[in-house]
Amino acid sequence: MAFWKPGTEKPSFEEDGEGGIVFMSNNLASSSSSSYGYANIEKQRQRLPVYKYRTEILYLVENHATTIIVGETGSGKTTQIPQYLKEAGWAEGGRVIACTQPRRLAVQAVSARVAEEMGVNLGDEVGYTIRFEDQTTSGVTKVKFLTDGVLIREMMEDPLLTKYSVIMIDEAHERSISTDILLGLLKKIQRRRPELRLIISSATIEAKTMFNFFNPSKKRHAPEGIAPGPKLEPAILSVEGRGFSVKIHYVEEPVSDYIRSVVSTILLINEREPPGDVLVFLTGQEDIETAIKLLEEEAHSNQNNSSGLLPLPLYSGLSRSEQELIFTPTPRGKRKVILSTNIAETSLTLEGVVYVIDSGFSKQKFYNPISDIESLVVAPISKASARQRSGRAGRVRPGKCYRLYTEEYFLNQMPGEGIPEMQRSNLVSTVIQLKALGIDNILGFDWPAPPSPQAMIRALEVLYSLQILDDDAKLTSPTGFQVAELPLDPMISKMILASSELGCSDEIITIAAVLSIQSVWIIARGVQKEQDEAKLRFAAAEGDHVTFLNVYKGFLESKKPSQWCYKNFLNYQSMKKVVEIRDQLKRIARRLGITLKSCDGDMEAVRKAVTAGFFANACRLEPHSNGVYKTIRGSEEVYIHPSSVLFRVNPKWVVYQSIVSTERQYMQNVVTINPSWLTEVAPHFYQNRQNARSF
DNA sequence: GAGCACTGC
């Protein structure tokens, strides 16, 4: 394969705005084992790039309602800015400084580091809150780290977030749904609380979007000098990072098969480049396995080129022990080749990577509001992602990134930033969160990226059909308010509320906990038959939901749960999470006045409760067909997923939890129902429907 | 007889 070698006169790296590529210092990871004295920590703090800007940052925060900090990871902004604010007095008088992160692990890691730097116990002056874990002390905690989802939840108790003096939204460029909701809400709060300060931390490419969003339009602008308080126009400050340069190579001609190109690039690196691990970005498990197979074939046919290569897959579905292989040190004379999904783009940091190969693609979620189906599609990545990927090559020393697309494509065709998740998702949860916060005009809400009206309307329709919203699109009482309290998909929440009346809430909250995680099964490769047999031990004729009850029961009764899970092809981590979520749901249910009651094996009650939440997903088997179902709502052709216990059983009437859209549209988590229940639990939805006559 | 980018409350 031919790569364009960047010439000295034309460092493409600078041109595409990547001058500031930097990486995290090791501080974060190594902090727990360190025994540095205070003086040492102080010196380390002063060496961080952000330190030079301390005074400037404090000045801007003092004088501007919103400050946008542009800085790559490694500048120290996340750990240092909250400390500067505290030192400057922003946490005095009982006020709290907040800093949000998109991920739980980041919240824990960063808060631990900051507590150590400040020489305090985590949970006292510095604390954190994530779901299931509150390490803060009211009245004592002054600097608080939390996930952005938790901050949104806090707004339901305290809509103006009155205890916070400064709120820093970190990693805002990732544009998760939670971050975007938060940005929209904070902009509203600002108008009511001029004393509140916001800090938005973003990558270069999103900074302008953030500026425009927070910049009030001229006409509404209060005359300067008369209005007290900070300037409303946001300030932007750019902080360089710390790291090594990464040379970018492009292909000369577009590649037709990126997996083959990946393999030949790996061989090229192995042949020509000095030692250093390789990180490859591919789209999913299938790509990764194909590439590894090709590499192994190469190893057999051409010993020279591929000698010393150690291919390792990395994606979220791997078990913990399989993922840990990635972190073992590279054996002498070997070269690790990590073939990863975009889990390595944000969530995981790998040491020792010097070479990155970027396929230019990733799997992305898209939502079709007409069919109400979300699907995963392989799509080209954005420049922002490309930059993030190449950055992974420069953590330990100057690195190289091989992009499997042309420079022309990168410069002129690749989109600058990805489509925000908000515009690619089903919005029922988003809408209900806003409604719970008293925001009635959903369609007119000021979003950083407004979702399509069709998606909004679809969400309102679904919530109306669930009787969570009324004719005026207001939360119903008590159902709507109760659903908003539950941290679940509204259909699952509705199922829980129904179970209270049907006398099976004990069983249903177990099902709710299982439905709200990815999967309880491990991904077993090459042992499919054994896994199927294991599944059969739990299988219930009523369907997957009842099967989950059997799994949960077995887990509780097992003496050695970890081994028991392994034996039954169940994911131990997932099962522990089910228990945790179940406990939380139990607490909330009690608060909502739902008493836990078991139906003692009456599975009809359980199936009815499921139907009460998922009636909109009812399907009927087409007569004389081989497993073809039609949805009652839209007459879409769907099939039972082969992973379901009802696969090939094909009962006449079912409801499903979700659809996965691949070659066919497959229903996941399926339970048998009696069609008369549909009009019973959702008369408003099924009466007067054309399809009502079919049963 | 098929397939699971990634988070989060």
Side-chain angles (χ1 to χ4, degrees), chain A residues 100-107 129-134 146-156 171 174-182 281-289 314-318 340-348 359 361-366 374-379 381 385 418 421 424-425 429-430 432-433 436 483-490 492-493 512-513 516-525 528-529 531-532 571 574 577 580-581 584-585 588 626-627 639-644 647-650 658-669:
Chain A
T100 72
Q101 296 290 322
R103 280 169 290 279
R104 298 162 52 92
L105 204 63
V107 169
T129 309
I130 55 181
R131 188 184 187 181
F132 308 127
E133 259 184 84
D134 184 10
L146 64 174
T147 47
D148 29 30
V150 167
L151 191 58
I152 294 172
R153 285 275 154 191
E154 286 191 0
M155 290 173 82
M156 294 185 185
E171 315 285 358
E174 286 187 22
R175 306 297 302 275
S176 71
I177 290 187
S178 296
T179 307
D180 271 15
I181 295 177
L182 206 49
F281 285 100
L282 287 164
T283 66
Q285 182 183 349
E286 199 183 343
D287 276 8
I288 290 169
E289 282 171 1
L314 177 62
Y315 45 88
S316 74
L318 290 175
S340 173
T341 60
N342 44 10
I343 190 171
E345 204 177 296
T346 48
S347 307
L348 270 176
S359 66
F361 292 96
S362 69
K363 277 195 187 166
Q364 292 160 39
K365 185 174 69 185
F366 286 94
E374 287 182 336
S375 47
L376 273 181
V377 178
V378 172
I381 61 166
S385 287
E421 191 187 8
R424 299 183 280 115
S425 307
S429 296
T430 302
I432 202 158
Q433 282 186 320
V483 166
E485 287 257 329
L486 289 158
L488 298 167
D489 179 301
I492 301 179
S493 304
S516 63
I517 62 161
Q518 294 270 32
S519 170
V520 291
W521 308 104
I522 58 156
I523 298 175
R525 284 174 300 168
Q528 205 52 58
K529 222 177 120 215
Q531 178 162 38
D532 285 353
N571 185 330
S574 301
K577 210 165 170 190
E580 224 172 12
I581 294 173
Q584 187 194 28
L585 296 181
I588 299 172
N626 200 10
Y639 297 80
I640 293 180
H641 194 280
S643 65
S644 167
F647 179 66
R648 281 208 289 231
V649 176
N650 293 334
S658 58
I659 293 258
V660 36
S661 183
T662 51
E663 302 279 304
R664 287 173 169 181
Q665 308 207 108
Y666 287 105
M667 301 182 267
Q668 286 182 316
N669 296 335

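What you are looking at is a predicted structure, and each value in this text was computed from that prediction instead of being measured. Note on naming: letters A, B, ... go to the chains in the order of the sequence lines (proteins, then strands), and numbering restarts at 1 for each one. Values below: every heavy atom of this structure, side chains too, minus hydrogens, waters and symmetry copies.
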What is the nucleic acid contact for [X], judged by heavy atoms within less than 4.0 Å: base, sugar-phosphate only, or nothing?
{"X": "I343(A)", "result": "sugar-phosphate"}
{"X": "I177(A)", "result": "nothing"}
{"X": "Q285(A)", "result": "base"}
{"X": "S362(A)", "result": "nothing"}
{"X": "R131(A)", "result": "base"}
{"X": "V378(A)", "result": "nothing"}
{"X": "F132(A)", "result": "nothing"}
{"X": "S176(A)", "result": "nothing"}
{"X": "S178(A)", "result": "nothing"}
{"X": "D532(A)", "result": "base"}

Does any donor atom in the side chain of T179(A) or E174(A) lie under 3.5 Å from an acceptor atom in the other side chain?
-> no
Glycosidic class, syn or anti, of dC6(B) using a 90° window around 0 | anti
Applying side chain to side chain contact (heavy atoms under 4.5 Å, CB included), run through Q518(A) and N571(A) and close with a yes or a no.
-> CA-CA 10 Å; Q518(A) 294 270 32; N571(A) 185 330; over 6 Å; no
For T147(A), the option from V107(A), I152(A), L105(A) that meets side-chain contact (heavy atoms from CB on, under 4.5 Å) | V107(A)
Do the non-hydrogen side-chain atoms of M667(A) and S644(A) ever get within less than 4.5 Å of each other?
-> no
Below 4.5 Å, heavy atoms only, C-beta onward: do L585(A) and L488(A) meet side chain to side chain?
-> yes
Mind checking what makes side chain to side chain donor-acceptor pair (under 3.5 Å) contact with T283(A), not counting sequence neighbours?
-> D287(A)
Which nucleotide of DNA chain B is the first, and which the last, in the 5' to 3' direction, to come under 4.0 Å of a heavy atom belonging to chain A?
-> dG1(B) to dC9(B)
